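Residue numbering restarts at 1 for every chain, and letters A, B, ... go by the order of the sequence lines. Being a predicted model, the structure only gives us computed values, none of them experimental.
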Amino acid sequence: MTLANGTWVRARAGDPAHHTRLPRYARGHVGQILHCEGRWPLPDDRARGVVPPRVEAVYAVRFRAFDLWGEGAHTVTLALWESYLEERR
Amino acid sequence: MSEHHQDVPIAVRVRQLEERVTGAGLVTDADLDGVLSRLYADASPVNGARMVARAWADPAYRQRLLADGNAAAAEFGFGGADGLSYRLAVVANEPGLHNLIVCTLCSCYPVSLLGPSPSWYKSLAYRSRAVREPATVLSEFGLTLPEGTQIAVWDASAESRYMVLPLRPAGTGHLSEVGLAALVTRNGLIGTASV
């Protein structure tokens, strides 16, 4: 799966029992794909010693502050591995 | 390593961690020293400043810098023969748009181009507030943006390291690239100053 630029996505909610690099403040929130940054090993797998780790696309995803915090006019862009995201329905 | 500052609590913790990983046979002290010396050799905000100055002076370089930060750094030889050890993404300030860099999860930062990160960059206060109330944070750094300026915060949560390309200050048309580079500060490259 490759997510096209401009796609609206939701960062996965929930709290995995292992290391992850999906910041808590973005979980469950909707943002928009700016672009794909490349492909890298999934830190969740690397931290658990999964061999080989999954290698996934990483996307720059832009969130509106208002969507994250309920206030604010700025944007916050995070870089997120594909399995952290689901297409917004 | 860590011959110094053994009385500082963090130094003790670091040394204990080093002893665990070397004791487990994961790395040697020489490996760790090598990583640190490679990380900090030639690391300086002068490097980032030189790239910014060239982007101001040369529109074609600016385009290359924004399209492929690693290739643009390699033009200066930064990172040595292997290039930078991370993906460099340069984000440009524009009239009405100001960029700010943070790593909320830890302290990711383009060390080779900005030098060792300032302690406040690694503080919980900066990391948590930069994404929540960036305009207030900027004002505490003494930076008040023009009314209506959009702030774009970049959280270095994965493999890219970000650097801000500040706006070229007015009245600098007479300056050489060297003179321009002298205007650029580390905070300007992070986004907590205008230049």
Side-chain angles (χ1 to χ4, degrees), chain A residues 3 5 9 11-12 15-16 18-27 29 31-47 49 51 53-85, chain B residues 24 26 66-71 83-94 96-110 124 127-139 143 145-162 164 191:
Chain A
L3 296 166
N5 298 351
V9 292
R12 291 194 182 281
D15 188 23
H18 51 74
H19 173 78
T20 186
R21 287 194 67 89
L22 171 55
R24 196 173 296 263
Y25 73 84
R27 293 180 196 170
H29 290 292
Q32 193 170 25
I33 304 270
L34 292 187
H35 53 256
C36 180
E37 300 196 329
R39 299 177 64 81
W40 279 278
L42 187 68
D44 309 48
D45 282 358
R46 293 178 67 192
V51 181
R54 284 169 281 177
V55 176
E56 295 183 355
V58 174
Y59 298 94
V61 185
R62 173 157 288 173
F63 297 83
R64 291 185 289 237
F66 191 87
D67 294 336
L68 295 174
W69 315 114
E71 61 182 16
H74 60 284
T75 63
V76 181
T77 303
L78 295 95
L80 300 173
W81 274 264
E82 188 160 291
S83 61
Y84 297 169
L85 304 171
Chain B
L26 297 172
L66 297 178
D68 184 345
N70 293 74
L84 302 177
S85 59
Y86 46 84
R87 176 182 183 270
L88 175 67
V90 179
V91 290
N93 289 348
E94 297 166 20
L97 173 66
H98 185 85
N99 294 284
L100 180 67
I101 305 312
V102 65
C103 173
T104 61
L105 292 176
C106 41
S107 57
C108 296
Y109 185 84
L124 271 179
R127 288 160 47 204
S128 51
R129 294 181 59 216
V131 290
R132 177 70 194 257
E133 45 177 10
T136 306
V137 170
L138 292 180
S139 73
L143 177 59
L145 299 168
E147 188 76 22
T149 301
Q150 174 74 44
I151 299 176
V153 181
W154 298 81
D155 184 354
S157 50
E159 303 292 344
S160 296
R161 303 293 172 259
Y162 299 95
V164 174

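- Proximity to chain A is limited to the backbone of B:A156, based on heavy atoms less than 4.5 angstrom apart.
- With a 4.5 Å cut-off on non-hydrogen atoms, A:W69 touches chain B through its backbone and its side chain both.
- Annotation for A:R64: atom CZ does not count as buried by contact number, only 12 or fewer foreign heavy atoms lying within 6.0 Å.
- Contact detail for A:W81 and B:E159: the closest heavy-atom pair is CZ2-OE2, 3.6 Å.
- When heavy atoms are compared at a cutoff of 4.5 Å, A:V58 approaches chain B solely by way of its side chain, counted from C-beta outward.
- Contact of B:R132 with chain A is made through backbone and side chain together, with heavy-atom distances under 4.5 Å.
- Put simply, CG on A:D45 and NE2 on A:H19 are 10.5 Å apart, with the number rounded to the nearest 0.5 Å.
- At a 4.5 Å heavy-atom cutoff, the contact between A:Y25 and chain B is made by side-chain atoms alone.
- Rounding to the nearest 0.5 angstrom, the gap separating the OG1 atom in B:T149 from the NE2 atom in B:H98 is 9.0 Å.
- The contact between A:L34 and chain B is made entirely by side chain atoms (from C-beta outward), counting heavy-atom distances below 4.5 Å.
- Using modelled atom types, no side-chain atom of A:R54 and backbone atom of A:L42 make a donor-acceptor pair closer than 3.5 Å.
- Residue A:A65 does not touch chain B at all, counting heavy-atom pairs closer than 4.5 Å.
- Relative to the six-membered ring of B:W154, A:R62 meets both conditions, a distance below 6.0 Å and an angle of at most 45° to the axis.
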